[in-house]
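Chain A is the first sequence line, chain B the second, and so forth, proteins listed ahead of strands; every chain is numbered from 1.
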Amino acid sequence: MKLVNIFEAITVLTVLVFFVPLRWKQTLCLALSLAISAITGYWAFQNLVNHSTVVEKLSLPFWFHSSLLEIDPLSSFFLLVISFGTLTSILYSSGYLKPYERSKTRQEFALHYFWLIWLQIAMTLVVILHEGLPFLVAWEIMSISSFMLVIFEAEKKEILHTGIYYLIQMHVALFFVLAAFTLVEAKTGISGFDGLAIYFKEYASIPMFLLFFAGFGIKAGFIPLHSWLPHAHPAAPSHVSGLMSGTMIKMGIYGILRVVSYLQFDLLEIGTIILLVSLISSVFGVFFAIFQHDLKKMLAFHSIENIGIIGIGIGTGLIGKAINNPTICLLGFTGAILHVVNHSLFKSLLFYCAGSVYSQCHSRDINELGGLIKKMPSTAVFFLFASVAICGLPPLNGFISEFLIYKGFFSGLGSDIYVSLLFLGGITGLTLTGGLAVFCFTKAFGVVFLGAARTSKVDHAQEVSPSMLLPKFLIGILIATIGLLSFLFLPTIAGIAAIYLPSGMELPQNPFGSVLTNLSISLGLFVVVLTVVFILRAWQQKRQIIAQGPTWGCGYSAGDFRHQYTSTTFADNLNRMTSAFSGVETHYVPIPKEDVFPKAKRHYETHQYDQLEKLLILKPSKFLLNIMEKFVVLRSGKIQHYILYGLGFILLAAFLTIVNVI
Amino acid sequence: MISIVLMVITALFFPGVIVKSKAKFSGRKGPGIFQPWFDIARLLRKGNVFSNASSYVFQISSSVYLAAVFTALLFIPFENLGPLISFTGDFVLFAYLMALGRFIIVASALDVSSGFEGMGANREVLYGLLVEPAFFILIGSLAMFTGHASFASIFQGLHYTSYFSAVIGVLAAFTFSQITLVESSRLPVDDPLTHLELTMVHEVMVLDHSGFDLGIIKVANNLKFAIYGMLSANCLIPHELDFWVRIVIYFVLQVGLAVAIGFIESFRARNKMAMNPQYILSISAIATILIFVVIIINNNL
């Protein structure tokens, strides 16, 4: 029996989730996921270490038994990301879903775990199926399973609504990809990605690329195709948001990376398109995040930012390939691919922390929280850790990928005026993104975890169970390891990025020179300096009086927790600068002149409205709805009228046949 | 290593010279040059008072800040005399270490649940966000001019073949010194001597830090002066001169910068708070001019 048969057997075994008792469901789900991860991990290992492309044939009839599974370096990398993401998500789910055991039935739990494991299977198949139709079927299963996961709390109307919104957008994405595959097959006769090699050689690359980019871009969440993310992520249970944001949206990136690998002409134009769209995504993604008060919605906007950073890497690499500069090409793609894994780590960690906060305080509103570091110390540490990583600050992993992309930019300066200016724009955009991320995460961490509690919702918060901390711990270790010991991982990732090198160029023996070791030495040096300062401080403090006291109130003694900065006030100075395009609306009745000493409680609220969503989704759909509503007259409810319509249609068809139109 | 020694020496006299020159401009005698350091030494011998609201983030913040700034200092060269570590893209690590320092200090300010400190924290992240692009555009244009991408190789490659190209050095040094003012929170962006917490930026964030912790924050701030002073000086000192002549020019420049800061602080008021973003953005604008100068000089246009 071959490995692929075991894989197929497991896909069948998933139905067992419906038949085991409730307390075994999560364990079974975890076991199945582990089995799939073991198989795909073995394939990935075979491919990455032994450099052999694994090709397997599916044999079960319902899996299109002629289709091939092809595991090349790019697939292997994504297989590892998917496996780790799903495992931590399932580990976290048992603790997170515990409170729902009272309100949800066994079947609902079974359904949830069933689709959770199928999301992993679907994502696994997406990255290893190369033929058109099987790929699209896997893609569709991925959308449906994630939809089912999002609507776990379907009894809430807005969650069901959000789920359907998400499902519709995913099908628009599917339409684009389907159209692209159909066109490729019509022109070349080969279905799937393999046809692209011929297509891009003989036909115009840019329109076809744009078609794919639109389809995969909706999944990934590039601005302006991002509007589903800020709705779907807050609606889903946290382990699902972590999995979706960390891993599933990367399938869009996978698609783009796969299509880009077949490109042969118009590289500079396509690279520029990707770079510009990504720059807009990263800067505006984090910019909009600052104005959010919903913790998970804020994280969803950060996913858009990070997808943008990944795209910046891809665009840079492609431009490097276009100008025949292997260094820039390698740096750009390595940075992008490393950022895929980095983002999958810290974003899922952040979502798990946000989920822990939600499970304890039953609120996602940042303005209602505060001072959680004393009630949930471990969660706070992980949130701080992930915040530092997502801001791209040393010595954690986010810094390494951004560093590589920066290095790619700086290597391209001065070569060509067009590329230089583009790259300088890229540097500025990436810097701005970093600065805005620091703005956003000092706000999020500061308001949620530091200071004093803002409402009574925080009062009963406790540290979450060890089963919810374990996945965070595993992710945390990886974040630190990739950050401090990047030289261990990057040669492998550079090997994956090598498929994008200009034709005829081989991967150099030591692609990054001594930079990586120097980087690790510097980061290690920082850790050493930090330790020395800590030791000195501890030694000095041992002999001193350490006192506690109230916060210095600047001479004002009646200050209390309500005077603290909130999420709204923290974003205020940025909002004043950028009110023209931030989309923030303030809901506030100004104090009337005669009311010198206002007595009643007053409300001040800000809300950020997504202008692009309004323009691209809401307005057109409202327009369509208005037209459709005109036809409501036809629905009279009388059977006679409907027979008349039928007769009319037959007559029309007959007439059109006579005049030879159809 | 020579650069580190030079920066440490600069950090020793720089704040004192500012204080001294401010005193002279206002007709007072003023304290000795090393008085700021005596104050720090006194702080370093003291214990701590922690706010009831604060957590361990507050306690580790000053140490992380100092460690970040000190590690950043190790990448700065003195012209062609290399720093401790140098590799392509080291200035990215430098800038991000500075950002890490900012992150942790801002977090510590939010940790004490004070509205005033929140105000300072909020301003600090905004100004940091606005000044970072200026640094990167500046370094980017210098990298374009020299064709290198590390601090050491950039400053080694800064050869001015004509008076025209010396414009680059002057513009770059000017931009670096402007960044100094923002990063070290001096006038006209922030007034370190103001007594009104509502109008402070950096000082208000560390209101609750005391004793040893406050001491090492001040040490880090002084090191920041030296770092940006060294970066400005590197853009101006010609390589062709003798080693000792360059050292002398370096110290003259540092004293000059400190006196200039003292001069500005004596004769100018702080910006209106709402004007600060514009002021800081103008630094990026100057840095952008530098790009075009470089493009013209490199005959790319």
With rounding to the nearest 0.5 Å, note down the distance linking CZ in F534(A) to CD in Q59(B). 10.0 Å
Quick check: closest heavy atoms across L432(A) and P133(B), and the distance to 0.1 Å? CD1-CG, 3.6 Å
Step by step, would you call F103(B) with F441(A) a ring pair (Phe, Tyr, Trp, His ring centres under 6.0 Å)? CA-CA 9 Å; F103(B) 185 102; F441(A) 274 96; 8.1 Å; no
Angle between ring planes, Y96(B) versus Y406(A), binned at 30° and 60°: parallel, tilted or perpendicular? perpendicular
Are F58(B) and L450(A) side-chain neighbours, meaning at least one heavy-atom pair lies under 4.5 Å? no
Please classify the contact between F439(A) and chain B as side chain, backbone, both or neither, with a heavy-atom cut-off of under 4.5 Å. both
Turns out that what part of L126(B) lies under 4.5 Å from chain A's heavy atoms comes down to both
So Y565(A) and F116(B), ring pair (Phe, Tyr, Trp, His ring centres under 6.0 Å) or not? Walk me through it. CA-CA 9 Å; Y565(A) 257 58; F116(B) 294 110; 9.9 Å; no
L530(A) and S63(B): which non-hydrogen atoms are nearest, and at how many Å? CD1-O, 3.8 Å
Tell me, for T288(B) versus chain A, whether the close heavy atoms (under 4.5 Å) come from the side chain, the backbone, both or neither. neither
Scanning both residues in full, the closest heavy-atom pair of V49(B) with G549(A) reads CG1-N, 4.2 Å
OG1 of T431(A) to CZ of F136(B), rounded to nearest 0.5 Å, is 5.0 Å
Side chains of L93(B) and F526(A) in contact at under 4.5 Å (non-hydrogen atoms): no
Given that the side chain runs from C-beta out, which part of L430(A) has a heavy atom under 4.5 Å from chain B: side chain, backbone, both or neither? backbone
Can you tell if the side chain of L525(A) reaches within under 4.5 Å of the side chain of L74(B), non-hydrogen atoms only? yes
Under 4.5 Å to a heavy atom of chain A? For R102(B) that would be neither
Of the backbone (N, CA, C, O) and the side chain (C-beta and beyond), which part of D208(B) lies under 4.5 Å from a heavy atom of chain A, both, or neither? side chain
Go through F410(A) and F91(B) one step at a time and tell me if the ring pair (Phe, Tyr, Trp, His ring centres under 6.0 Å) criterion holds. CA-CA 11 Å; F410(A) 279 103; F91(B) 43 77; 4.7 Å; yes
Among the listed options I137(B), T88(B), L84(B), the residue most often paired with chain A at heavy-atom distances under 4.5 Å: T88(B)
Given heavy-atom pairs under 4.5 angstrom as the criterion, report whether the side chain, backbone, both or neither of A99(B) touches chain A. both
So, Q540(A) side chain and G47(B) main chain: donor-acceptor pair closer than 3.5 Å or not? no
Quick check: do L130(B) and M577(A) have side-chain heavy atoms less than 4.5 Å from each other? yes
Any side-chain heavy atom of H563(A) sitting closer than 4.5 Å to one from S114(B)? no
Any side-chain heavy atom of V381(A) within less than 4.5 Å of one from Y56(B)? yes
Structural part of S514(A) lying under 4.5 Å from a heavy atom of chain B: neither
Considering only heavy atoms from C-beta outward, does the side chain of I427(A) approach that of I139(B) to under 4.5 Å? no
Heavy-atom pairs under 4.5 Å with chain B are the metric here; pick the option from G434(A), P394(A), G446(A) that has the most. P394(A)
Please look at A68(B) and chain A and tell me whether the side chain, the backbone, both or neither of the residue comes under 4.5 angstrom of a heavy atom of that chain. both
R562(A) atom CZ, over 12 foreign heavy atoms within 6.0 Å: no
Can you tell me how far the CD1 atom of I60(B) sits from the CZ atom of R537(A), to the nearest 0.5 Å? 9.5 Å
Answer yes or no: is there a side-chain heavy-atom contact under 4.5 Å between I104(B) and V388(A)? no
Nearest 0.5 angstrom please: F212(B) CZ to Q544(A) CD, how far? 9.5 Å
Supply the atom-to-atom distance L413(A) CG to F145(B) CZ, rounded to the nearest 0.5 angstrom. 14.0 Å
For K375(A), I'd like to know if atom NZ has over 12 heavy atoms of other residues, nucleotides or ligands within 6.0 Å. yes
Taking every heavy-atom pair that is under 4.5 Å apart, which of D213(B), D111(B), V57(B) has the most such pairs with chain A? D111(B)
Given heavy-atom pairs under 4.5 angstrom as the criterion, report whether the side chain, backbone, both or neither of V112(B) touches chain A. both
Applying a strict 4.5 Å limit to non-hydrogen atoms, the region of M119(B) in contact with chain A is both
Any idea which of L97(B), I216(B), L66(B) has the most non-hydrogen atom pairs under 4.5 angstrom with chain A? L97(B)
Between V438(A), I545(A), L421(A), the one whose heavy-atom pairs under 4.5 Å with chain B are most numerous: I545(A)
Pair count under 4.5 Å, heavy atoms only, with chain A: among F75(B), F135(B), F87(B), highest is F87(B)
Minimum heavy-atom separation for Q541(A) and K46(B), please, with both atom names. NE2-O, 4.0 Å
Approximate separation, where rounding is to 0.5 Å, of N122(B) CG and D572(A) CG: 8.0 Å
Honestly, the part of F50(B) sitting under 4.5 Å from a heavy atom of chain A is both
Minimal heavy-atom distance between A53(B) and K374(A), with the atoms involved, is O-NZ, 2.6 Å
So which of K443(A), R576(A), Q548(A), R543(A) has the biggest tally of heavy-atom pairs under 4.5 Å with chain B? Q548(A)
Of all of G412(A), G435(A), S522(A), A452(A), which one pairs up most often with chain B through heavy atoms under 4.5 Å apart? S522(A)
With only heavy atoms counted, which part of S54(B) is less than 4.5 Å from chain A, the side chain, the backbone, both or neither? backbone
Most chain B-contacting option - heavy-atom pairs closer than 4.5 Å, from G371(A), G451(A), A571(A): G451(A)
If you look at every heavy atom in S51(B) and T551(A), which pair is closest and at what distance? OG-OG1, 2.5 Å
Quick one: which of V64(B), L44(B), D90(B), L100(B) has the most heavy-atom pairs under 4.5 Å with chain A, could you say? L100(B)
